[in-house]
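Down below is the structure, laid out as structure tokens.
Please read all numbers here as calculations on a predicted model, not as lab measurements. In each ligand, atom 1 is the first atom listed, and ligand 1 is the first ligand listed.
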Amino acid sequence: MRFPNSPLFKRWGDNLTEDQEVAAQGLFVQYGYNVYLSDQLPLDRSLKDTRPSRCQEKKYPHDLPTISVVLIFVNEATSIILRAITSIINRTPSHLLKEIVLVDDCSSHEDLKEPLEEKIKRYNVKHPGLLKLVRHQRREGLTQARISGWKASSADVVAILDAHIEVNHGWSEPILSRIKEDRTVIISPVFDNIRFDDFGLVPYIEAADGFDWALWCLYESVPGDWYALKDETAPIQSPSIMGIFAADREFLGAIGVLDGGMNIYGGENVELGIRTWQCGGKIEVLPCSRVGHLERAHKPYLLDLFPAMKRNALRVAEVWMDEYKYMVYYAWNIPLENPEVDFGDVSARKELRKKLNCKSFDWYIKNVYPNLVPQTNIVAYGTMKNTLSEDICIDQGPVPGNTPIMYGCHGYGPQHVFYHSTGEIYVGNLQARRNAVDRCLVDTGQEEVPFLEECNEAIKKGLSMHWDFRQGVAVVNRKTKRCLEIVKDQGASYFRLVLQNCTGQKWTIQHTVKDWGSKGTAG
Ligand code: UDP
Ligand code: MN
């Protein structure tokens with residue numbers, strides 16, 4: 001094995017020669033998935049039917065709305081795109097499939113230029129007019145690519161998908177019949193996972209699509225009233241979407257398609273989710289509609305997703321989240337004043353919101369997404385340093401584990417600290433959701449070191465979890481009166497985080513909320 005550390009060969013590739021390994025690894029690095037294998041698999045490979053069994057018995061009317069399927073791509077492998085097209089042609093009723101729109105977000109790979117156009121022509125000989133190709137003249141990012149696909153479509157319904165997908169049996173009928181019933185529903189199929197290494201299909205269980213305060217998407221468990229229906233085919237109401245979706249083409253246009261001001265990647269799905277609900281639509285996941293989505297081990301087009309996601313998240317916060325927008329700033333550890341993140345012009349989106357007379361984010365939280373729990377008592381946040389040594393920061397420490405440490409400052413999630421006016425100190429990435437708990441700094445009274453305990457547990461156990469602190473003074477436990485301090489053991493070269501009798505050490509925290517901690521104001 002020439003690449004013992006490559007994720008590609010963990011589960012796959014036992015019988016390859018060395019030359020084949022080198023070839024496979026090269027393609028994997030370039031694409032983030034196993035193109036070597038994809039090039040060998042048939043384009044019309046069969047897929048296990050992952051629908052709940054009752055879906056397979058469902059009958060749908062013959063005269064459903066027509067559908068345009070948009071596939072967006074930048075430098076995806078040709079065999080992957082062709083397999084997506086093949087699956088759509090084979091698994092969508094031909095009288096309903098109006099067109100497949102390919103949107104090339106300015107790929108540089110040669111095989112996606114002339115050679116792809118040749119292949120499209122060949123498909124169109126067999127299926128006249130079915131395939132369309134739209135090319136961006138410069139890289140515009142996935143949001144613009146989806147918008148271009150929407151613009152080029154003409155069917156009643158548009159499904160906007162990644163190009164590395166395979167639609168599964170009967171995927172389209174549930175979507176089309178649901179939109180026929182109610183054109184204000186934006187639909188997410190269930191994505192089953194196609195593994196990046198061996199292309200195995202792994203079904204996902206039913207879930208709703210949500211997000212955290214950084215506006216990063218995540219799965220939420222399905223609300224109890226869905227289970228109470230005892231109908232595994234029933235739509236699942238969902239606060240947001242993951243990225244792949246289908247909608248009534250005109251309704252999607254009326255509510256503003258997607259925010260064209262988003263860069264490269266991230267945030268556009270949450271923006272659509274929030275906007276849809278606040279502006280009079282709904283979002284549903286349909287368990288009977290299954291799309292296999294090829295996962296990637298890494299994203300070849302972007303090394304660091306954070307800058308784009310951060311600025312895109314701030315656009316969403318600014319336009320849609322009203323007085324809750326500060327939560328996004330906390331989650332990304334951005335100062336509320338002078339954030340110095342250029343999120344572009346949002347005036348057109350704000351106008352859209354006004355024109356559509358959309359509801360507030362407060363309404364959205366209360367009625368659609370109560371799992372988001374705003375934190376109203378945070379008065380200071382960010383990295384926290386001791387004035388004795390300002391290149392180290394409080395850090396949540398090894399995971400799993402519950403012992404915070406001092407560590408070289410990098411400022412990422414594990415070093416985010418949140419001080420509450422009520423005295424709690426959260427350490428680590430902000431959760432602030434109902435089903436995910438933040439961890440609080442506690443003094444057990446006995447140990448020399450502090451611990452992190454899930455805050456609700458700390459309350460239940462009556463642990464000493466409240467601290468007095470202001471900018472530039474000691475951090476004192478209200479109950480035990482011990483101080484959070486740092487010590488360097490004899491002969492050691494690094495500081496440890498301890499609790500001890502106060503010696504007058506001082507702490508600072510990166511950002512403050514309003515005028516907290518300024519001279520003369522009490523903590
Ligand atoms: N994409 C694009 N332009 C970009 C980045 C991505 O058109 O600048 C396409 C990409 O080829 C893919 C889709 O957008 O079809 C979604 O990207 P990706 O699959 O990497 O995101 P994920 O599904 O992992 O969230
Ligand atoms: Mn994808």
NZ/NE/NH1/NH2 to OD/OE distance under 4.0 Å, [X] and [Y]:
X: E220; Y: R434; result: no
X: E284; Y: R178; result: yes
X: D212; Y: R433; result: no
X: R146; Y: D162; result: yes

Does atom [atom1] ([X]) have a neighbourhood of more than 12 heavy atoms from anything else shown, all under 6.0 Å?
X: K282; atom1: NZ; answer: yes
X: Q56; atom1: CD; answer: yes
X: E340; atom1: CD; answer: no
X: F306; atom1: CZ; answer: no

Considering only the protein, which heavy-atom contact is closest to [atom], and what is its distance?
atom: atom 13 (C) of ligand 1; value: D162 OD1, 3.4 Å
atom: atom 21 (O) of ligand 1; value: Y265 CE1, 3.3 Å
atom: atom 15 (O) of ligand 1; value: I72 O, 2.8 Å

Can you list the atoms of ligand 1 that are under 4.0 Å from a heavy atom of [X]?
X: H293; answer: 23 (O)
X: R139; answer: 8 (O)
X: A163; answer: 15 (O)
X: F73; answer: 7 (O), 11 (O)
X: E76; answer: 10 (C), 11 (O), 12 (C), 15 (O)

Discussion item. Restricting to N, O or S, what is the name of the atom of D162 that lies nearest the Mn ion (ligand 2)?
Written reply: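 Nearest to the Mn ion (ligand 2) within D162's N, O and S set: OD2.
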Where does [X] meet ligand 1, judged by heavy-atom distances below 4.0 Å: at the side chain, the backbone, both, or neither?
X: K299; value: side chain
X: D105; value: side chain
X: E140; value: neither

Item to complete: May I ask you to check if ligand 1 and Y301 share an N or O to N or O distance below 3.5 Å?
Response: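 N/O-N/O distance below 3.5 Å exists for this pair.
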Worksheet item: Based purely on interatomic distance, does A145 place a nitrogen or oxygen under 3.5 Å from a nitrogen or oxygen of ligand 1?
Response: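 It does not: no N or O of A145 is found under 3.5 Å from an N or O of ligand 1.
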Discussion item. Please check: side-chain N/O of R83 versus main-chain N/O of P42, any donor-acceptor pairing under 3.5 Å?
Written reply: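 Indeed, once roles are kept as given, a pair shorter than 3.5 Å links the two residues.
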Discussion item. Can you tell me if G141 contacts ligand 1 (heavy atom of the residue under 4.0 Å from the ligand)?
Written reply: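 Within the 4.0 Å threshold, so yes.
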Discussion item. Please determine whether any non-hydrogen atom of Q144 lies less than 4.0 Å from an atom of ligand 1.
Written reply: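 Heavy atoms of Q144 never come under 4.0 Å of ligand 1.
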Discussion item. Tell me if the aromatic rings of Y369 and F211 count as close, with their centers under 6.0 Å from one another.
Written reply: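 Ring-ring flag for Y369/F211: true, centres closer than 6.0 Å.
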